[in-house]
**Student:** 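A single structure is presented below for examination.
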There are 2 protein chains.
Amino acid sequence: MPCVYEYSRPALTVDCVVFGFDGGDLQVLLIRRGLEPFKDRWALPGGFVHLDETLDEAARRELAEETGLREVFLEQLHTFGAVERDPRERVVSVAYFALVKPTAATAATDAAEAEWFPVASIPPLAFDHAEIFAAALARLRGKLRYDPLGFELLPPKFTLSQLQGLYEAVLGTALDKRNFRKKVLGFDLLVPLNEKHRDGAHRPAQLFRFDPAKYRRLKKQGFLFEL
Amino acid sequence: MPCVYEYSRPALTVDCVVFGFDGGDLQVLLIRRGLEPFKDRWALPGGFVHLDETLDEAARRELAEETGLREVFLEQLHTFGAVERDPRERVVSVAYFALVKPTAATAATDAAEAEWFPVASIPPLAFDHAEIFAAALARLRGKLRYDPLGFELLPPKFTLSQLQGLYEAVLGTALDKRNFRKKVLGFDLLVPLNEKHRDGAHRPAQLFRFDPAKYRRLKKQGFLFEL
C-alpha cells in the first residue's frame, strides 16, 4: 500500500559491521548482494527500518535474517547520511558494530550468501560500506584501549596467548609477550580458572575468565590500556 | 507537493545539544516550542532533514535558524529511534552535541526564544530530549578524560583557573588546585603566552593557549586525564 507524506523524506536503513576472531585473523562478515544496485558485490548485512521497531531491533532482525546470527554484542556506531550514498534515492543509514564469539560465529556460515573475510583482505564493497567498515574498525581499535570489549570476541574461557592474539589481530601489530601479560594482569580484570588449555605439543596453558563486576568498576573510574 | 512511497518510512530529524561555559556553570541552550505538541515546553534546537543536505548540514542549518549560532564545534552523538518518541508519528532523530566558545555564545541570546540554562537546573523538556541531553552530558564528561575537548568551550587565551573551573563545571566536582595544575601541565599541551590576565584584586595570572599539533600527537598515542 503506497504511503503519502506532505514532504519528501529519506529512506532509513540499518547496516551492521560484524567482527569475529578465529584465533588468527580479525574477520568481518559480509553478504553478497542478489539485487541491483551493486548486484553480486559484497556488502554489510542490513536493510530498511520498519515503523514498529526500534533501530536496535531493526539491526538485530536484519542480522538474524541475513546471517543467522542472534545474541551478539551490538552497539550503535554512527549514522551515515551523504546525499549521494545510494544511487537510487536518498537513503540514510544507522550503522552498528557487532562482536561475535567464535561459538556463535559458525551459525553465520550456514547463511546462503554470508561469508567471513579477514579485515586485511576484504573485497570491494557496495555503496559507502567501505567507509562504514573503516569507521567500525577505528572504533574497535580505539575502544580496545579503554574498554576491554575484546572479551566479546573470545570464548568464555581463554588463555593469555589467545587474548594477546586478539589484541594483535585488532591493532594489526605484534606485542611483546612479557609486557602484554604484565599489563593485562595489572588491571585485575581476569579470574584464573582451575583449568588448563591443552593444545597439542604446547605446555598446558592457564585458562582465565573475564570478571564483569571488576570490569564495571574499572570502567567507571576510567583506565587506559597502553600498549 | 505530497510525496508517495511504496512503503511507509519514519520522518528524520536532527537535534542539537549545545553546551556553553560562562566561567561559572556549564550551560545548555534550549528553545521554547511555539507549536504543538509540547507547545511552550523547552526543547533542543533541531528540525527535519532536507533531501539535499547531509546530516551535519541539517544540524548546522537548524542551529543557525533557531539560535543564530554558526561556526560551532559539532559532533554526531547518537541516533534516537524509540517507536513512540514523538506523539504524532514515527520520528527518528540524529542527535548532535555542540560546544560553543563564550565569544560566539552571545549571538544566541539574540534569537527570540533561545535561552541558556545551567545543566544542574534545566526545565522539563519536550519529547525524549531529557534522554538526549543526558547522553550528551555523559559523552562530554567521558571525552574530557581522554580528549581535551573542553578547550572548545574556553576563549582562545585562558588561565589555569579558568580551565580548572571548566573541568569542575563539566564533571560536577571540585578538584584539588595543585594536583590539577600538575596534571594539566604534565601533558605538555598548553603554550604559555607573554601575557597575563588581570582580574580586579587578584594577582595577574599567566595566560595559555592550546597547542593543536601537540594535541593531535597526544591523541594518536592515547592518553587518560586521571582526576
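Just so it is clear, the structure is predicted and the values come from calculations on it, not from any experiment. We name chains A, B, ... by the order of the sequence lines, and we start the count at 1 in each one. Hydrogens, waters and symmetry mates play no part in the numbers below; they use all other heavy atoms, side chains included.
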**Student:** Using non-hydrogen atoms and a 4.5 Å limit, figure out which bit of Phe80(B) sits close to chain A: side chain, backbone, both or neither.
**Tutor:**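 Contact with chain A: backbone only.
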**Student:** Taking side chain as everything from C-beta outward and backbone as N, CA, C, O, which of these in Leu51(B) sits under 4.5 Å from a heavy atom of chain A? Side chain, backbone, both or neither.
**Tutor:**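 Its backbone and side chain both get close to chain A.
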**Student:** Would Arg60(A) and Glu53(A) satisfy salt bridge (charged side-chain N to carboxylate O under 4.0 Å, His left out), going step by step from the backbone distance to the final call?
**Tutor:** CA-CA 10 Å; Arg60(A) 288 190 188 280; Glu53(A) 65 186 359; over 6 Å; no
**Student:** Answer whether the closest heavy-atom distance between the side chains of Asp40(B) and Arg32(B) falls below 4.5 Å.
**Tutor:**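 Answer yes - side chains close enough.
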**Student:** Counting N and O atoms only, with roles assigned by atom type, does the side chain of Gln76(B) sit under 3.5 Å from a partner on the main chain of Thr79(A), one being a donor and the other an acceptor?
**Tutor:**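 Yes.
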**Student:** Measuring heavy-atom distances to chain A, does Glu57(B) have an atom under 4.5 Å in its side chain, in its backbone, in both, or in neither?
**Tutor:**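 Neither part.
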**Student:** Tell me, out of Arg90(B), Glu84(B), His50(B), who's got the most heavy-atom pairs with chain A below 4.5 Å.
**Tutor:**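 Heavy-atom pair counts peak at Arg90(B).
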**Student:** Report yes if some heavy atom in the side chain of Asp211(B) is under 4.5 Å from a heavy atom in the side chain of Asp188(B); otherwise report no.
**Tutor:**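 Result no, sub-4.5 Å side-chain heavy-atom pair not found.
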**Student:** Quick check on Val94(B) against chain A: is it the side chain, the backbone, both or neither that has a heavy atom closer than 4.5 Å?
**Tutor:**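 Only the side chain of Val94(B) comes within 4.5 Å of chain A.
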**Student:** Hey, what's the ring geometry for Phe210(A) with Tyr215(A), parallel, tilted or perpendicular (30° and 60° as the breaks)?
**Tutor:**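 Tilted.
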